[in-house]
> 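I am attaching a structure below and will ask some questions about it afterwards.
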Amino acid sequence: MPDPLSEQELLDQERVRREKLTRLREAGIDPYPPRVERTHSIAQARALYEQGELGENDIVALTGRMISRRVMGKLSFAHIEDGTGKVQIMVRRDELGAEKYNRFFKKDLDLGDFIGVKGVMTVTRTGEVTCQVRDVTLLAKALKPMPDKWHGLNDPELRQRQRYLDLLVNHDVRERFKVRAKMIRAIRDYLDSEGFLEVETPILQPVYGGAAAEPFVTYHNYLHQQLYLRISFELYLKRLLVGGYDKVYEIGRDFRNEGISRKHNPEFTQLEFYEAYTDYNGVMARTEEMIAYVVKEVTGGLVITWQGHEIDFTPPWPRIPLRQAILDASGIDYDLYPDADSLRAVMREQGIDAPAEASRGKLIDKLLSHFVEPYLIQPTFLIDYPLDVSPLAKRKPGTKDIVERFEGFVAGMELCNAFSELNDPLDQLERFLAQGRALEAGDKEATPVDMDYINALSYGMPPAGGFGMGIDRFAMILTDQDNIREVILFPHLRPEKREDGKSEQ
RNA sequence: GGGCCGGUAGCUCAGUUGGCAGAGCAGCGGACUUUUAAUCCGCGGGUCGCAGGUUCGAUUCCUGCCCGGCUCACCA
């Protein structure tokens, strides 16, 4: 890779900025001074001025990036921006001094530079709150030109790879991640106020489990131990129920070694909570309550717009048995096909892709994703799932192969997944063994047997309901985005290709 | 991996039915004391993704490749 700082590689505009840097240093000005004088954030200064608390004798020191400049001879206007907002500054030659104004302000400063200004707050003839500047200092020089001030940065690849530029220039992106943070804060507020304990469990796990996914594998050099990045928190959180906590939750990162798509990133943020002495019906009610609380906190109401759809989160949400939903949408009643082969046959008759190696549960899941999921725009619970794809869920009484499980769908996406937790250690062991056999038979998403978890269950786990939700997807819904990359600051990207064709990293 | 779309100045984009490569912003020089996408005058800036082919001539047409986006497949 060429040295990004070598003279050879400089663009014309970068070369000019380097020359300014040299001039500044020759004039005894440190372009990256260690100290900053600041009395107010921009938002504070504006607010105080508008409240009449900053008079014409109150000197403020403001800081920010210079994002626009309009030089009109002996008078100039510019805007500076910090993390709280932007404000216009007015710079007069006779207030700054001819030397400093003509050379320093007009020539050596560029758009993108961080500057400090001292002056008084005032309002211009056009009514804009403005800092009338007595002195200007350079806080940090920018050596590269900013993206287009009007059109911003559109190139999707640059926006993801150089997110700092995207954020710098695209204010809606900056706002989006504030909404995301607010959403997560509201989730914590809700769960904390309901008596849940926030915990942290291992990311590096000797045995992975709790979901159907391929893991990332890593290695501890000093223990000579193979480890996996977690694919879920589930088995650790339920150990905490055994330990005596009634309500626990964790918000953190899961890692799944799978494809990237509009709805998938290899590492993603998950919320899981577990609650003793309830079941999936209780969890459904709590889900509605929590989501409604968060939506209201973040947006102010319960109805939002997502990609042109009005979505109403007002509880209660419809609860539809999975079998019924698939029957209504596809005409296929999977109860009539008690094994994978017969179900596969009827699916293929209808021209639906039905892989030979898929289990009955996976085929049902295929029907769900094909016929049902894309159309569930309004919040909807599908309930009662096949047992063979739900190895940690409690069997529904009176059934053989149905479990008490629901998934919540919004905006055509699976948002959350929950069930009555299986707490029968012997049943759990049998299901683990079935998973283990599937894993050995080549199902890469099956999980291995976790004997310590069986051991924990053997000491007794209270009846409980558990819940998992993709935070990123929820953020997509609340920020009106249709690609998960837009709500992850640094989404996973394929390695950047160099000119010689070798990849970096 | 398949299909579709794209890659032209730092940024956002036009354009060439094959004939000197364009605009706005940004930059440089100048004018300008109430602008705010400031304005006005002047200037610089390009491997038109890469390679090959057709042609007197290719940024434009053809082939291959690279890179990216969307989508399908994959994916609980």
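In what follows, chains carry the letters A, B, and so on, assigned in the order in which the sequence lines appear, proteins first and then strands, with residues in each chain numbered from 1. The basis for the numbers below is simple: all heavy atoms, side chains too, and nothing from hydrogens, waters or symmetry mates.
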> Select one nucleotide: of B:A37, B:G68, B:U34, the one nearest the side-chain heavy atoms of A:M72.
B:U34
> Check every strand shown and say whether A:T124 touches a base, only sugar-phosphate, or nothing at a heavy-atom separation below 4.0 Å.
base
> Could you check which nucleotide pairs with B:C28 in any of the strands shown, counting Watson-Crick or G-U wobble with both distances under 3.5 Å?
B:G42
> Of the options B:A26, B:C70, B:G29, whose atoms approach the side-chain atoms of A:K107 most closely?
B:G29
> Output yes when A:R23 and A:E19 qualify as a salt bridge under the 4.0 Å nitrogen-oxygen rule, no when they do not.
no
> Please classify the nucleic acid contact of A:K366 as base, sugar-phosphate, or nothing, using heavy-atom distances under 4.0 Å.
sugar-phosphate
> Select base, sugar-phosphate, or nothing to describe what A:V71 touches, counting heavy atoms under 4.0 Å on all strands.
base
> Are A:D365 and A:K362 within salt-bridge range, i.e. N to O under 4.0 Å?
no
> My understanding is that only residues two or more places apart in sequence, or in another chain, count here; which of them pass side chain to side chain donor-acceptor pair (under 3.5 Å) with A:E407?
A:Y385, A:R405
> So which protein N/O to nucleotides 8-15 of chain B N/O distances come out below 3.5 Å?
from: B:C11; atom 1: O2'; to: A:D148; atom 2: N; distance (Å): 3.1
from: B:C11; atom 1: O2'; to: A:G152; atom 2: O; distance (Å): 2.8
from: B:C11; atom 1: O2; to: A:D148; atom 2: OD2; distance (Å): 2.9
from: B:U12; atom 1: OP1; to: A:N154; atom 2: N; distance (Å): 2.9
from: B:U12; atom 1: OP1; to: A:D155; atom 2: N; distance (Å): 3.1
from: B:U12; atom 1: O3'; to: A:N154; atom 2: ND2; distance (Å): 2.9
from: B:C13; atom 1: OP1; to: A:N154; atom 2: ND2; distance (Å): 3.1

> Side chain of A:E157: nearest nucleotide among B:G27, B:G68, B:U34?
B:G68
> Which listed nucleotide (B:U34, B:U33, B:G27) is nearest to the side chain of A:D94?
B:U33
> Taking atom types as modelled, is there a side-chain donor on A:Q162 or A:R159 under 3.5 Å from an acceptor on the other?
no
> By the 4.0 Å heavy-atom rule, please label A:E407 as base, sugar-phosphate, or nothing.
nothing
> Over all strands shown, is A:D482 touching base, sugar-phosphate only, or nothing at heavy-atom distances under 4.0 angstrom?
nothing
> Ignoring hydrogens and angles, answer whether the base of B:U34 and the side-chain atoms of A:R92 contain a donor-acceptor pair closer than 3.5 Å.
yes
> Can you identify which nucleotide, out of B:U35, B:C75, B:U34, has its nearest atom closest to the A:R125 side chain?
B:U34
> List the residues meeting ring-ring contact (aromatic ring centres under 6.0 Å, His included) with A:W306, not counting sequence neighbours, and say none if there are none.
none
> For A:L109, what residues pass the side chain to side chain contact (heavy atoms under 4.5 Å, CB included) criterion, not counting sequence neighbours?
A:M66, A:R69, A:F104, A:F105, A:D113, A:I115, A:V136, A:L138
> Please work out if A:K86 contacts a base, only the sugar-phosphate, or nothing of the nucleic acid, heavy-atom cut-off 4.0 Å.
nothing
> Return yes if a side-chain donor-acceptor contact under 3.5 Å exists between A:T201 and A:E250, otherwise no.
yes
> Given the structure, check if the side chain of A:Q88 and the base of B:U35 hold any donor-acceptor pair shorter than 3.5 Å.
yes
> Under 4.0 Å between any heavy atoms, over every strand shown, what does A:A211 touch: base, sugar-phosphate, or nothing? Just pick one.
nothing
> Looking only at side-chain atoms of A:V16, point me to the closest of B:C28, B:A38, B:A26.
B:C28
> Give a yes/no on whether any side-chain N or O of A:R159 is located under 4.0 angstrom from OP1 or OP2 of B:G68.
no
> When all nucleic acid strands are considered with a 4.0 Å heavy-atom cut-off, which category describes A:R485: base, sugar-phosphate, or nothing?
sugar-phosphate
> Once you apply a heavy-atom cut-off of 4.0 Å, does A:R17 come out as touching a base, just sugar-phosphate, or nothing?
nothing
> Is any side-chain N of the basic residue among A:D108 and A:R103 closer than 4.0 Å to the acidic one's carboxylate O?
no
> Excluding sequence neighbours, so at least two apart, what forms ring-ring contact (aromatic ring centres under 6.0 Å, His included) with A:Y208?
A:Y228
> Using a 4.0 Å cut-off on heavy atoms, which residues in residues 73-80 of chain A reach RNA chain B? List them by number, or say none.
A:G73, A:K74, A:L75, A:F77, A:H79
